[in-house]
There are 2 protein chains.
Amino acid sequence: MADVAERAGVSASTVSRTLRGLATVSPEVRARVEQAARELNFAVSRQAASLVTGKTGVVAVLVPTLNSWFIGSAVSALGPELRTAGMDVLVYVTPEMTERADFFERLPARRNADALLVFCFDLTAEEKARLDDLEMPVVYVSQHAEGCPSVYVDDVAGACRGTQHLLNLGHRRIAFVQSVGASGFAFSSNERVAGYQQALTRAGVPLDDDLVVATPVDDKRSIAEAIGELLSLWEPPTAIFAEHDELASWVIWTLRKARVEVPERISVLGFDDHPIAEWSDLSTVAQSPEDIGRAAGELARSLIDDPDADPGRHIVLPTRLIPRASTVPLRNGGAEGAEGGAG
Amino acid sequence: MADVAERAGVSASTVSRTLRGLATVSPEVRARVEQAARELNFAVSRQAASLVTGKTGVVAVLVPTLNSWFIGSAVSALGPELRTAGMDVLVYVTPEMTERADFFERLPARRNADALLVFCFDLTAEEKARLDDLEMPVVYVSQHAEGCPSVYVDDVAGACRGTQHLLNLGHRRIAFVQSVGASGFAFSSNERVAGYQQALTRAGVPLDDDLVVATPVDDKRSIAEAIGELLSLWEPPTAIFAEHDELASWVIWTLRKARVEVPERISVLGFDDHPIAEWSDLSTVAQSPEDIGRAAGELARSLIDDPDADPGRHIVLPTRLIPRASTVPLRNGGAEGAEGGAG
DNA sequence: CTGAAAGCGCTAACAT
DNA sequence: ATGTTAGCGCTTTCAG
């Protein structure tokens, strides 16, 4: 910076003021400084700046992976959102338990970021406690955290809406396939079941525990078994609501493999509006990870700028039903109908 | 840090030495210091440390988006790889041209990272020049850059291998569907066409420009038109090699919609081994973005640690053919065959 | 093996 | 509107 100052014939303070866009610099000097900075290929050292300002200009993001439609989209939207505020995004990818433990052990974000965004983690109580001690805003994304700022979609309302869609199509035997194991989404998972049950109850359809099955997403065998449970019920379902689109796609795949026509014999509804939903022509309850990412970024910024802001602020985003080809009206009042019956 | 020093009854220097794991600290003192640090929830400020060491402990990553199977996977693998070396990952997401321009205008990575990884960008000459002036290692991922360290798969060999697979199945009229517009992958795109042509030439199959069509991935209409061109040729193809799996999936979707059976009438081969390939039972030429990410991380580290290392080092990763259900032997020597013919 | 002192590059008062 | 000065929190000589 001294070099720039010398070249522009001013003091370091003036260079600093210019480069930070403070108004108290004469246009003529500003021009000289900017020119000199450009010529010297100069960029301010955040490290040094943050040392004195106390602000790092960095928002840390803790994620299990980036290789996920939801997280990838959300973080992608977060970047530009924060960039406009001059902030950078630091990602801590902790796919393994050991890496995650290491993160909490060393808390590297502690003084190296102005805020932390925690994505999709089912945290232990101890981990949660450490985050509470972090002395910086922590925003929870896609999960609740009592008394902590968080951003998530209204899973209950979304699942409720999806279920209502199936009810409106005449279905009464509606199954719910829940995913297990893929840690990090347990919160949404439970909420979605709750929404499903809520819609049924509201419609006066009795709940039937046999209609709710759970399976890991990445195990075709388990998915087949879960579907098998449903197909072997005395009154099998005429519609299946899957916790998310990827699972829904495998459900369809499994059903079709078993020569159960979708949607003629069984309607299938997903949740997320994952790209695969469009590809599979899957009806779904859409959420927007981009909106979530942006909202999380905004929330983080507002908490950084105004530490006195309500720390318990929750941002709940809406969902939208997207009807496609995988959900159709119930025909013949049962599971035996194929093509041909009039609506 | 002064607090920790006081609590442990030592000087700041000793705390620093302890926390950096230098061997020159007596075990007894080390224990005291570590205890004090833990109790005070202390974490070293990278900002302050880097000010004096000149190392930021940060690797910057420039990506168009994270919402991409390839980039998401690669960056996800990169994180843990660098974490073991105590480095953090800073992502610059520049989906829009304006954001990208802003990045190059301000070069925020300049003194705020020890290395820069550039993912999947078709850079202009001017942008390339600015990166050359950056005075830090710049690693190009999934693209060549003359004289610069880069990591990519052998697209030519992969496409060659894929084409050979189709040739081995008896196909001679093999089309190639190239994607256009989705900036950032132009390099691979051209390489793959080259590999396709190379395999054909080697097998003595004459090249036919009519068999190479291009379309944007995200425009079904254009895809349909591209397929239409192929289906209306005097000698239509019996196999289609798509530049990547997502495109291949849409090709299949388009063909099936037009009642052209895949693979009975036309075999389809993809490239990448994107998750959708497994879902679509698509034969494909696999690459591993995780391996690419890890290799890029290693390369970046070696360049940081040893600035005199060969700056023109290229790491070229292999591909593997994964045969699935979308490619079958040619039957009846032409395009009219459906089920039934003996091999 | 440990402590004292100097200074990394920058910003924030204060002074002009 | 611009220059001067004093640290920010750490690491690194250099002494002991």
Side-chain angles (χ1 to χ4, degrees), chain A residues 1-37 40-58 86-88 106-114 135-136, chain B residues 1-37 40-58 86-88 106-114 135-136:
Chain A
M1 178 171 269
D3 299 347
V4 178
E6 188 180 2
R7 189 182 189 99
V10 296
S11 74
S13 315
T14 301
V15 174
S16 173
R17 281 189 273 256
T18 305
L19 266 29
R20 276 178 299 148
L22 300 193
T24 66
V25 180
S26 74
E28 184 237 347
V29 169
R30 165 173 298 272
R32 263 203 340 265
V33 171
E34 281 173 346
Q35 161 113 20
L40 267 52
N41 229 318
F42 176 83
V44 170
S45 160
R46 268 236 160 75
Q47 331 291 328
S50 71
L51 199 54
V52 36
T53 59
K55 301 258 155 237
T56 63
V58 167
M87 311 207 71
D88 291 336
R106 311 163 47 86
L107 284 184
R110 176 152 177 86
R111 291 158 43 96
N112 301 308
D114 297 336
E135 284 175 355
M136 70 166 93
Chain B
M1 179 172 270
D3 299 347
V4 178
E6 187 179 4
R7 189 180 189 102
V10 295
S11 73
S13 315
T14 302
V15 174
S16 173
R17 282 189 272 256
T18 305
L19 267 30
R20 275 177 302 147
L22 299 193
T24 65
V25 180
S26 73
E28 184 237 346
V29 170
R30 165 172 297 275
R32 271 213 323 274
V33 171
E34 280 172 348
Q35 161 113 18
L40 266 51
N41 227 316
F42 177 83
V44 170
S45 160
R46 268 234 159 77
Q47 331 292 325
S50 70
L51 199 53
V52 36
T53 60
K55 301 257 156 240
T56 62
V58 167
M87 311 208 69
D88 290 337
R106 309 163 47 88
L107 285 183
R110 174 148 179 90
R111 290 157 48 95
N112 301 307
D114 297 337
E135 284 177 354
M136 70 168 93

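Just so you know, these numbers come straight off a predicted model, no measurement behind them. Note on naming: letters A, B, ... go to the chains in the order of the sequence lines (proteins, then strands), and numbering restarts at 1 for each one.
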Calculate the interatomic distance between [X] atom [atom1] and [N] atom [atom2]; express it in whole Å.
X	N	atom1	atom2	value
A/K55	D/dG9	NZ	C1'	17 Å
B/M1	C/dA4	CE	C1'	15 Å
B/R110	C/dC10	CZ	P	11 Å
A/N112	D/dG9	CG	P	13 Å
B/R30	C/dT2	CZ	P	10 Å
A/R32	D/dG3	CZ	P	9 Å

Among [options], which nucleotide sits nearest the side chain of [X]?
X	options	result
B/L51	C/dT11, C/dG3, C/dG9	C/dG9
A/A48	C/dG3, C/dC10, D/dG3	C/dC10
B/V52	C/dC10, D/dG3, D/dT11	D/dT11

Looking at [N], I'd like to know if its phosphate oxygens (OP1 or OP2) sit under 4.0 Å from a side-chain N or O belonging to [X].
X	N	answer
A/S16	C/dC10	no
A/S50	C/dC10	no
A/T14	D/dG3	yes
A/R111	D/dC10	yes
A/S45	C/dG9	no
A/R20	C/dA12	yes

Ignoring hydrogens and angles, answer whether the base of D/dG3 and the side-chain atoms of A/R17 contain a donor-acceptor pair closer than 3.5 Å.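 It does, because a donor-acceptor pair links the side chain of A/R17 to the base of D/dG3 below 3.5 Å.
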
Can you find a donor-acceptor pair, distance only, under 3.5 Å between A/S13 side chain and C/dA12 base?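 Side chain to base: pair found, below 3.5 Å.
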
Nearest 0.5 Å, please: how far is CZ in A/R111 from CZ in B/R46?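 If we round to the nearest 0.5 Å, B/R46:CZ and A/R111:CZ are 13.0 Å apart.
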
Between atom CG of B/L51 and atom CD of A/Q47, what is the distance when rounded to the nearest 0.5 Å?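 Reported value, rounded in 0.5 Å steps: 8.0 Å.
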
Under the side chain to side chain contact (heavy atoms under 4.5 Å, CB included) criterion, do A/R17 and A/T14 qualify, and how do the steps go? CA-CA 5 Å; A/R17 281 189 273 256; A/T14 301; 4.1 Å; yes

From the options A/M1, A/R32, A/R20, A/E34, select the one residue that forms a side-chain contact (heavy atoms from CB on, under 4.5 Å) with A/V15.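 One option only clears the test, and that one is A/M1.
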
Which comes earlier along DNA chain C counting from the 5' end, the contact point of A/L22 or that of B/G9, where each point is its nearest nucleotide?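 The answer here is B/G9.
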
Verdict with supporting geometry, B/N112 and B/V58, side chain to side chain contact (heavy atoms under 4.5 Å, CB included): CA-CA 7 Å; B/N112 301 307; B/V58 167; over 6 Å; no

For B/T24, which contact category applies under a 4.0 Å heavy-atom criterion: base, sugar-phosphate, or nothing?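 Answer is base: heavy atoms of B/T24 come under 4.0 Å of a base.
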
